[in-house]
Enquirer: 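My structure is below; once you've seen it, I'll send some questions.
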Amino acid sequence: MSSKFSRRSLAQGAMWAVPTIAATSAIPAYAASICSPTSKQKIDEAFNKARALHQCNGQPAQLELNIYQALAASDGFVSNVAVNVKNLSSCTLNFTAANPLHLTVAIRNNVSLNDSGRSLSNPSTSQGSISYQNYPIQNQPVGTAQRIVNWTFVGSISPNQEKDLALGFLDGNSPAGRWKNYITITPELASGAPTYESIGLSSNECRDYYNQQLALWKLTVNWVTRGPKNGTQALPSGSAADSRVIGNYSSVTGSASTNGIW
């Protein structure tokens with residue numbers, strides 16, 4: 001499912017079937033194509049430009065992940081949660097369709113039950129687009145993903161401004177017991193890198209060279225997490241923030257409202 005909303009991937013690549021070619025068949029021309037020096041230069045220039053795109057005063061920009069729960073709810077009961085991205089830099093940051101920000105948010109079970117799982121409402125976002133996929137969790141171990149949400153962030157974020165991804169957990173009561181969930185949030189390593197399509201090449205002949213450059217890509221922003229359980233902490237590249245570790249802010253008091261479990 002995918003949708004766009006006005007009000008934080010597992011990025012899933014397409015799987016291409018390899019056709020069977022008879023011995024007498026002609027080999028397609030593109031099979032022998034070689035990425036030209038001119039095309040390689042275009043790819044290199046696109047990556048170099050992207051590396052400088054999200055700098056602020058000569059330094060990598062800094063973004064913060066935090067979680068907010070508006071209303072009181074004990075573990076396993078109905079609740080709405082916002083995953084927030086906040087710009088801690090003094091510069092406005094612009095993420096374009098050519099250089100988007102990617103985050104993967106996984107809703108994981110915090111118990112193992114002989115039941116199909118609790119209902120989840122559709123996610124929505126104030127910026128960019130989302131897609132998501134549901135997975136079976138009956139009798140699966142703690143930490144199994146019930147839903148994985150891809151958040152592709154495209155747009156501007158001003159200093160100290162926040163953009164959010166809204167998640168909804170419905171009641172976790174079931175005949176086998178009460179479902180409880182937590183979330184993990186992963187800034188994807190390809191965030192900020194140029195997309196192949198944005199470079200303007202006429203065919204796929206340079207995909208291999210592009211993928212080589214993508215493998216060398218390093219995040220152009222520094223990420224931190226902030227929450228009531230452990231304050232502000234650096235998030236190493238490629239790591240996931242765990243709501244049970246950082247906790248969530250809430251408009252109400254009590255451990256059940258801030259422990260990062262829903």
Side-chain angles (χ1 to χ4, degrees), residues 2 4-6 8-13 35-66 83-105 125-131 149-165 185-204 206-226 232-241:
S2 62
K4 288 189 177 181
F5 297 80
S6 58
R8 137 159 0 135
S9 82
L10 180 68
Q12 297 183 355
C35 188
S36 68
T38 300
S39 295
K40 288 182 178 180
Q41 183 178 358
K42 289 185 68 174
I43 293 173
D44 292 342
E45 289 174 350
F47 274 91
N48 289 333
K49 180 179 179 180
R51 289 185 179 94
L53 189 61
H54 303 128
Q55 298 250 325
C56 182
N57 299 321
Q59 299 296 322
Q62 188 170 68
L63 295 175
E64 173 191 282
L65 292 174
N66 66 76
V83 175
N84 297 312
V85 173
K86 184 177 182 179
N87 182 9
L88 299 183
S89 304
S90 60
C91 308
T92 296
L93 302 178
N94 297 299
F95 295 93
T96 67
N99 304 87
L101 188 67
H102 299 283
L103 295 101
T104 298
V105 180
T125 180
S126 62
Q127 194 75 53
S129 63
I130 56 174
S131 63
V149 182
N150 296 330
W151 184 11
T152 301
F153 184 102
V154 174
S156 299
I157 181 168
S158 304
N160 293 315
Q161 186 179 26
E162 289 186 339
K163 301 292 185 177
D164 66 50
L165 171 68
I185 311 159
T186 307
E188 294 300 332
L189 294 176
S191 287
T195 63
Y196 186 84
E197 293 73 18
S198 70
I199 299 174
L201 300 177
S202 58
S203 69
N204 284 324
C206 292
R207 281 282 184 181
D208 287 345
Y209 185 78
Y210 169 84
N211 288 336
Q212 291 172 15
Q213 303 313 303
L214 188 62
L216 299 173
W217 178 258
K218 295 182 179 180
L219 286 176
T220 54
V221 298
N222 293 329
W223 286 93
V224 300
T225 62
R226 182 172 62 91
T232 299
Q233 301 289 333
L235 184 65
S237 178
S239 300

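In this text the structure is predicted, and so the values were computed from the model without any measurement.
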Enquirer: side-chain contact (heavy atoms from CB on, under 4.5 Å) between W223 and V85: does it pass, once the steps are laid out?
Expert: CA-CA 10 Å; W223 286 93; V85 173; 4.1 Å; yes
Enquirer: Measure the shortest side-chain to side-chain distance between P194 and N99 over non-hydrogen atoms and say whether it is less than 4.5 angstrom.
Expert: yes
Enquirer: Sequence neighbours excluded, which residues qualify as side chain to side chain contact (heavy atoms under 4.5 Å, CB included) partners of N57?
Expert: S90, C91
Enquirer: Please examine the side chains of S156 and L93, heavy atoms only from C-beta on, and report whether any two atoms are closer than 4.5 Å.
Expert: no
Enquirer: If the condition is side-chain hydrogen bond (donor to acceptor under 3.5 Å, both in side chains), which residues does T195 pass it with, not counting sequence neighbours?
Expert: S198
Enquirer: Does a side-chain heavy-atom distance below 4.5 Å link L103 with V83?
Expert: no
Enquirer: In Å, rounded to the nearest 0.5 Å, how long is the span from CG of N211 to SG of C206?
Expert: 11.0 Å
Enquirer: Taking side chain as C-beta onward, heavy atoms only, is V154 less than 4.5 Å from S129?
Expert: no
Enquirer: Only counting residues at least two apart or in another chain, list the ones meeting side-chain hydrogen bond (donor to acceptor under 3.5 Å, both in side chains) with N222.
Expert: none
Enquirer: Which residues satisfy the side chain to side chain contact (heavy atoms under 4.5 Å, CB included) test with N160, sequence neighbours excluded?
Expert: K86
Enquirer: Can you list the residues that meet the salt bridge (Lys or Arg N to Asp or Glu O under 4.0 Å) rule with R51, with sequence neighbours excluded?
Expert: none
Enquirer: State which residues pass side chain to side chain contact (heavy atoms under 4.5 Å, CB included) with S191; sequence neighbours excluded, sorted by chain then number.
Expert: L101, H102, E188, L219
Enquirer: Minimum heavy-atom separation for N87 and L63, please, with both atom names.
Expert: CA-CD2, 3.8 Å
Enquirer: Report the distance from atom CD of Q233 to atom CG of L65, rounding to the nearest 0.5 Å.
Expert: 13.0 Å
Enquirer: Of all residues at least two apart in sequence or in a different chain, which pass the side-chain hydrogen bond (donor to acceptor under 3.5 Å, both in side chains) check with E162?
Expert: N66
Enquirer: Taking ring-ring contact (aromatic ring centres under 6.0 Å, His included) as the test, write out the residues that go with Y196, two or more places apart.
Expert: Y210
Enquirer: List the atom of A50, the atom of W217, and the distance in Å for their closest heavy-atom pair.
Expert: CB-CH2, 3.6 Å
Enquirer: Find the distance between NE2 (H54) and CD1 (I157) and round it off to the nearest 0.5 Å.
Expert: 11.0 Å
Enquirer: Y209: which residues meet the ring-ring contact (aromatic ring centres under 6.0 Å, His included) condition with it, sequence neighbours left out?
Expert: none
Enquirer: Between F47 and A193, what is the shortest heavy-atom contact and its length?
Expert: CE2-CB, 4.2 Å
Enquirer: Closest heavy-atom contact between G238 and T186?
Expert: O-CG2, 4.3 Å
Enquirer: Which residues pass the side chain to side chain contact (heavy atoms under 4.5 Å, CB included) test with K42, sequence neighbours left out?
Expert: I199, L201
Enquirer: Of all residues at least two apart in sequence or in a different chain, which pass the side-chain hydrogen bond (donor to acceptor under 3.5 Å, both in side chains) check with E45?
Expert: Q41
Enquirer: Rounded at 0.5 Å granularity, tell me how far CG in N94 sits from OG in S158.
Expert: 8.5 Å
Enquirer: Identify the heavy atoms of T225 and A241 that sit nearest to each other, and give their distance.
Expert: CG2-CB, 3.7 Å
Enquirer: If I compare all heavy atoms of G155 with all of Q127, which pair ends up nearest, and what's the gap?
Expert: CA-NE2, 3.4 Å
